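Values below: every heavy atom of this structure, side chains too, minus hydrogens, waters and symmetry copies. We number each residue from 1, following the sequence as shown. Every value quoted in this text rests on a predicted model; they were computed, and no experiment measured them.
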Amino acid sequence: MHRWTELADVPAGFGPSVVTIGNFDGVHRGHVGVLTRMVADARAAHAQAVAVTFSPHPQLVHRPEQAPPLLTGDVDRMELLAETGLDAVLMLEYTLDFARQSPAEFVERYLVDALGARTVVVGRDVRFGWGNEGDLSTMVELGERFGFDVEVIEDVAPAPDDATLVEEPGEGRLADPLRRRWSSTWVRELLAEGDVRQAARVLGRPHRIRGVVVHGDARGRELGFPTANLAPEATGMVPADGVYAGWLRRTDRPAGSVDSVLPAAISIGTNPTFEGLRRRRVEAYVLDRTDLDLYGAEVVLELVVRLRPTLRFESVDALVAQMRLDVERVREELAGAAS
């Protein structure tokens, strides 16, 4: 897949193409369903399948105080988009100057002139151009002017067979597949509750946190459970505090190689037993390993299930005893799980 970050990266004469526009945060099952169908349509039309997306998220530019936590950073978003079979992704830097383009300027410059769009795939609620003044009717009018078709996609909801897999957050009952659609908002709600198992069913994969391993206070090593602490700049929404079973993936190792994927007990929180921290910390103990040196390495944590909330223990001995129980539960949860 071609990965472009500006117009100069797009080869002259590129196209014809089938293009869609969106943020694709999380690249959840709804996104994947739309994109894989779009790829198939592009193949049938002997065209290129292209997604146009933005970094940072537009809300971080216009309303940063209201912007939601992002499910995926740019690296993971690109990797997940590539897995759908797209031929190219154009990830544009979103700035106030970029946002000042009129709907016609944006469409002509990026979709028509650069990408040679013959079909543009959008949702009914599409908004684009300065002040979000462009909508579906605007896109249809521009398609007539510039010679491309507009395909409208409907919200993608769980199929009836999926209804037994997904419950409404916090309600303990099955979701109505005709009422709730796959969405990034739904995933955020689930992660805020620590329900990473259900979030994975909406995402179609375990939720990821990606970051560089940095030095902590070495308390875990002193207790016999050395942990890899992620830098505060790690990407991927951090779910509710607690202890999770999951996998640690090393990006410096080829997929399938020794130690490229390791079972881990993952702790998220402020360490209340030791008077707590000012900021939340994400750290992972790789089961049965005290020999790993991961400092400075980039790792990806995949969260499988939350075992318990963060607790304050009356003594270090009580904490260590619970950590041993946590490790055994992690082992049980991950036994037979696909890594």
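- With a 4.5 Å cut-off on side-chain heavy atoms, Thr5 and Leu92 do not count as touching.
- With Asp76 contributing its side chain and Thr72 its backbone, the two residues share no donor-acceptor pair below 3.5 Å.
- Here Arg306 pairs with nothing under the salt bridge (Lys or Arg N to Asp or Glu O under 4.0 Å) rule; sequence neighbours left out.
- A heavy-atom distance below 4.5 Å is not found between the side chains of Val61 and Thr95.
- Side chain of Glu105 to main chain of Ser102: a donor-acceptor pair is present (N/O by atom type, distance under 3.5 Å, no hydrogens or angles).
- Here the side chains of Asp135 and Met139 are not in contact, with every heavy-atom distance at 4.5 Å or above.
- Ionic pairing of Arg210 and Glu233 is not present here: no N-O contact between side-chain nitrogen and carboxylate oxygen is shorter than 4.0 angstrom.
- Linking Ile, Leu, Val, Met, Phe, Trp and Tyr residues whenever their side-chain heavy atoms come within less than 4.5 Å leaves Leu7 and Met78 in two separate clusters.
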Chi angles and distances behind the side-chain contact (heavy atoms from CB on, under 4.5 Å) call for Thr310, Ile268: CA-CA 8 Å; Thr310 298; Ile268 297 172; 6.0 Å; no

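- Applying the ring pair (Phe, Tyr, Trp, His ring centres under 6.0 Å) rule to Phe24 yields the partners His31; only residues at least two apart in sequence or on another chain are considered.
- Closest non-hydrogen pair, Met1 versus Ala82, comes out as SD-CA, 3.4 Å.
- Here the shortest heavy-atom pairing between Leu334 and Gly246 reads CD1-O, 3.2 Å.
- Closest heavy-atom contact between Ser260 and Pro254: CB-O, 3.5 Å.
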Step-by-step side-chain contact (heavy atoms from CB on, under 4.5 Å) determination, Leu191 to Val196: CA-CA 6 Å; Leu191 293 178; Val196 295; 3.8 Å; yes

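- When all heavy atoms of Arg208 and Glu302 are compared, the closest pair comes out as NE-OE2, 3.9 Å.
- The distance from the CG atom of Leu86 to the CZ atom of Arg3 is 10.5 Å, given to the nearest 0.5 Å.
- Looking at Thr251 and Val299, their side chains never come closer than 4.5 Å, going by heavy atoms from C-beta outward.
- Qualifying ring pair (Phe, Tyr, Trp, His ring centres under 6.0 Å) partners for Tyr285, counting only residues two or more places apart in sequence or in other chains: Phe225.
- With sequence neighbours excluded, the residues forming a ring pair (Phe, Tyr, Trp, His ring centres under 6.0 Å) with Tyr94 are Phe54, His62, Phe98, listed by chain and number.
- Inter-residue side-chain proximity for Leu35 and Leu81 is flagged as met; some heavy-atom pair is nearer than 4.5 Å.
- Judged as a salt bridge (Lys or Arg N to Asp or Glu O under 4.0 Å), and not counting sequence neighbours, Arg205 has no contacts.
- Using a cut-off of 4.0 Å between Lys/Arg side-chain N and Asp/Glu carboxylate O, Glu332 and Arg329 are scored as not salt-bridged.
- Two residues are said to be in side-chain contact when any heavy atoms from C-beta on lie closer than 4.5 Å; Tyr244 and Ser267 fail this criterion.
- No path of Ile, Leu, Val, Met, Phe, Trp and Tyr side chains, each step under 4.5 Å between heavy atoms, connects Ile21 with Ile153, placing them in separate hydrophobic clusters.
- With sequence neighbours left out, His2 forms a ring pair (Phe, Tyr, Trp, His ring centres under 6.0 Å) with Trp4.
- Under a hydrophobic clustering in which Ile, Leu, Val, Met, Phe, Trp and Tyr are joined whenever their side-chain heavy atoms come within less than 4.5 Å, directly or via other members, Val75 and Leu248 fall into different clusters.
- Annotation for Glu333 and Ala245: closest pair CB-CB, 4.1 Å, computed over non-hydrogen atoms.
- Within the structure, every pair that satisfies the salt bridge (Lys or Arg N to Asp or Glu O under 4.0 Å) test and touches residues 255-264, not counting sequence neighbours, is listed here: Asp259-Arg289.
- Note that OG1 of Thr138 and CD of Glu141 are 5.5 Å apart. Values are rounded to the nearest 0.5 Å.
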Pair Val107-Phe146, side-chain contact (heavy atoms from CB on, under 4.5 Å): steps then yes or no: CA-CA 9 Å; Val107 167; Phe146 293 115; 4.2 Å; yes

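- Under the 4.5 angstrom side-chain criterion for Ile, Leu, Val, Met, Phe, Trp and Tyr, the cluster partners of Leu60 are Leu70.
- Distance check: Leu203 CG to Leu71 CG gives 6.5 Å after rounding to the nearest 0.5 Å.
- Counting heavy atoms from C-beta on, the side chains of Leu262 and Arg250 come closer than 4.5 Å.
- The stretch residues 44-55 participates, sequence neighbours left out, in these side chain to side chain donor-acceptor pair (under 3.5 Å) pairs: Thr53-Arg77, Ser55-Asp74.
- Note on Val282: it does not cluster hydrophobically with Val212, by side-chain heavy-atom contacts below 4.5 Å among ILVMFWY residues.
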Side-chain polar contacts of residues 112-120 - donor-acceptor pairs under 3.5 angstrom, sequence neighbours left out - could you list them?
from	atom 1	to	atom 2	distance (Å)
Arg118	NH1	Gly116	O	3.4

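- Taking all atoms of both residues into account, the shortest heavy-atom contact from Ala284 to Ile266 is CB-CG1, 4.0 Å.
- Of the possible donor and acceptor atoms, none in the side chain of Ser184 sits under 3.5 Å from a partner among the backbone N and O of Gly26.
- Both Val19 and Phe128 are part of a single hydrophobic cluster, where members link through side-chain heavy atoms under 4.5 Å apart.
- Looking only at atom types and distance, the side chain of Ser315 has no donor-acceptor partner in the side chain of Asp317 under 3.5 Å away.
- Partners of Arg43 according to the salt bridge (Lys or Arg N to Asp or Glu O under 4.0 Å) rule, which considers only residues two or more places apart in sequence or in another chain, are Asp87.
- Separating the CG atom in Leu303 from the CG atom in Asp195 is a distance of 12.0 Å, to the nearest 0.5 Å.
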side-chain contact (heavy atoms from CB on, under 4.5 Å) evaluation trace for Val89 with Val50: CA-CA 6 Å; Val89 172; Val50 184; over 6 Å; no

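- Listed by chain and number, the residues in a salt bridge (Lys or Arg N to Asp or Glu O under 4.0 Å) with Arg253 amount to none (sequence neighbours excluded).
- Rounding to the nearest 0.5 angstrom, the gap separating the NE2 atom in His207 from the NE2 atom in His28 is 13.5 Å.
- Annotation: the span from Leu136 atom CG to Asp125 atom CG amounts to 9.5 Å, rounded to 0.5 Å.
- By the 4.5 Å heavy-atom criterion applied to side chains, Met91 and Glu93 are not counted as neighbours.
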